[in-house]
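Since the structure comes first, as structure tokens, the remarks are kept for the end.
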Amino acid sequence: ETAILFHGRGLEINATAAKSFDSEILQAKVAIPDLTAHPAMLTVDGKAQGPVADVVRYVTESPLHDEFGAYLDGVTASGRSRLQLSLKLPLAKLPATVKGALRFDDGGLLFHDQGIDITKIDGSLKFTDRGLAADAIHARLLGQAVTIAADTKPGKTGAVTTFYANGTADAAALAKRFAAPLAAYVEGLAPWRGELHIPPKSEGWVELQVDSSLQGVTVRLPSPMAKTADETRELLVQVPLPLKSEQPVHIHYGDVADAQLAFKSGASGLEVARGEIIFGGGIAALSAQDGGIRLAGTLPEFDEAQWSAVL
């Protein structure tokens, strides 16, 4: 149902029932307070509810695709969402003002290319024309509880949006999913923190950074990689996205090892194109040529027989 009203110099349209994709528009008010103003201002205030898939579809099919849509291509969404939106749009070549909030109710996102699933999403993501904000969105990442926050801050040439996450990871479960040969050698739970930085395209690559003390995790690899559950050992992983980009993955494992690995597309998926691993301190560097991984550094001890059994 729609009602059109004129109030002096103003125009107001009220809708109490409408559809957008598969979502229900619960309330919508479109108005031009002064039709004679220069420029006239169009305002939109509304509420809607529907599947999370509609949100993904809107982002990928709207001007927001240029900033965020590429990261949602190939994503399957599930669950429900509620949207509250306020928009002020000058009827001239002037920027719009946007403010709103998106509430997730048991939402889910499956990133097929990365094999990553986020389920049980519950919380609110606030947005404006300047960026995103969230305090405590609760979800399950790869089946494990996680808390997510977000903010947008000025960068060198534009806004940088960062998503923050923290939780506790099951080392064996993660190894089975992403590094199956290691699954038999790790066990235990450890706290972790992650940050996903989305800069303007002119400022470089999107980067995922994850770090953990690994306290609580037992590593049964031969020395010097081994550690007990009580020990802490800094693990830092920095991943450029998409992973097949020219930028290398950086892995730092306490004072034991540091690695830089570049990936390329192979017959069975991504494979290491080149890399370097340094043992005993120092920062690895990436060679310019393809063809294997360079090993360097010093080790206090090395048992070839033990490592041969693992490899």
**Asked** Taking all atoms of both residues into account, what is the closest heavy-atom pair of V186 and V219, and its distance?
**Response** CG1-CG2, 4.2 Å
**Asked** Do D45 and S86 get their side chains close enough for a donor-acceptor pair, meaning under 3.5 Å?
**Response** yes
**Message:** Less than 4.5 Å apart, side chain to side chain, heavy atoms only: is that true for D258 and H252?
**Reply:** yes
**Prompt:** Just wondering, more than 12 heavy atoms not from D151 lying within 6.0 Å of its CG?
**Reply:** yes
**Request:** Decide if atom NZ of K19 counts as having more than 12 heavy atoms of other residues, nucleotides or ligands within a radius under 6.0 Å.
**Result:** yes
**Any side-chain heavy-atom pair of L94 and P39 under 4.5 Å** = yes
**Asked** Of all heavy-atom pairs between I25 and S20, which one has the smallest distance, and what is that distance?
**Response** CD1-CB, 4.2 Å
**Prompt:** Under 4.5 Å between any side-chain heavy atoms of L235 and W192, yes or no?
**Reply:** no
**Complete:** Between L35 and A40 the two heavy atoms that sit nearest each other are O-CB, 4.5 Å
**Asked** Is the number of heavy atoms from other residues, nucleotides or ligands within 6.0 Å of CZ (R193) greater than 12?
**Response** no
**Asked** Between the main-chain N or O of A184 and the side-chain N or O of R220, is there a donor-acceptor pair closer than 3.5 Å?
**Response** no
**Message:** Between D54 and F21 (side chain of the first, backbone of the second, donor and acceptor by atom type, cut-off under 3.5 Å), is there such a pair?
**Reply:** no
**Item:** D255 atom CG: more than 12 heavy-atom contacts under 6.0 Å
**Value:** no
**Request:** Could you list the residues that satisfy salt bridge (charged side-chain N to carboxylate O under 4.0 Å, His left out) with E234, not counting sequence neighbours?
**Result:** none
**Prompt:** Donor-acceptor pair, K120 side chain versus H138 backbone, under 3.5 Å?
**Reply:** no
**Message:** Show the nearest heavy-atom pair for residues A96 and P90, with the distance to one decimal.
**Reply:** CA-CD, 4.1 Å
**Asked** Considering all heavy atoms of both residues, which atom of P200 and which atom of A159 are nearest to each other, and what is their separation?
**Response** CD-O, 3.2 Å
**Prompt:** Heavy atoms, side chains only, cut-off 4.5 Å: are R130 and T152 in contact?
**Reply:** no
**Request:** Check for a donor-acceptor pair, side chain of Q27 on one end and backbone N or O of K47 on the other, with a separation under 3.5 Å.
**Result:** no
**Message:** Could you tell me if the side chain of F163 sits less than 4.5 Å from the side chain of L208, heavy atoms only?
**Reply:** no
**Message:** For the backbone of S223 and the side chain of W307, can you confirm whether one donor and one acceptor N or O come within less than 3.5 Å of each other?
**Reply:** yes
**Prompt:** How many angstroms lie between CG in D22 and CZ in R57, if you round to the nearest 0.5 Å?
**Reply:** 7.5 Å
**Request:** State whether the number of non-hydrogen atoms from other residues, nucleotides or ligands found under 6.0 Å of H7 atom NE2 is greater than 12.
**Result:** yes
**Asked** Can you tell me if N14 uses its side chain to pair, donor with acceptor, with the backbone of A3 under 3.5 Å?
**Response** no
**Message:** Quick one about Q209 and D211 (side-chain donor to acceptor, distance below 3.5 Å, no hydrogens or angles considered), yes or no?
**Reply:** no
**Prompt:** Looking at Q144 and D170, what are the two nearest heavy atoms and their distance?
**Reply:** OE1-N, 2.7 Å
**Asked** With respect to R103, which candidate in L125, L83, D122 satisfies the side-chain contact (heavy atoms from CB on, under 4.5 Å) definition?
**Response** D122
**Request:** Could you please spell out the steps behind the salt bridge (Lys or Arg N to Asp or Glu O under 4.0 Å) verdict for D117 and R177?
**Result:** CA-CA 12 Å; D117 58 272; R177 193 150 189 172; 2.7 Å; yes
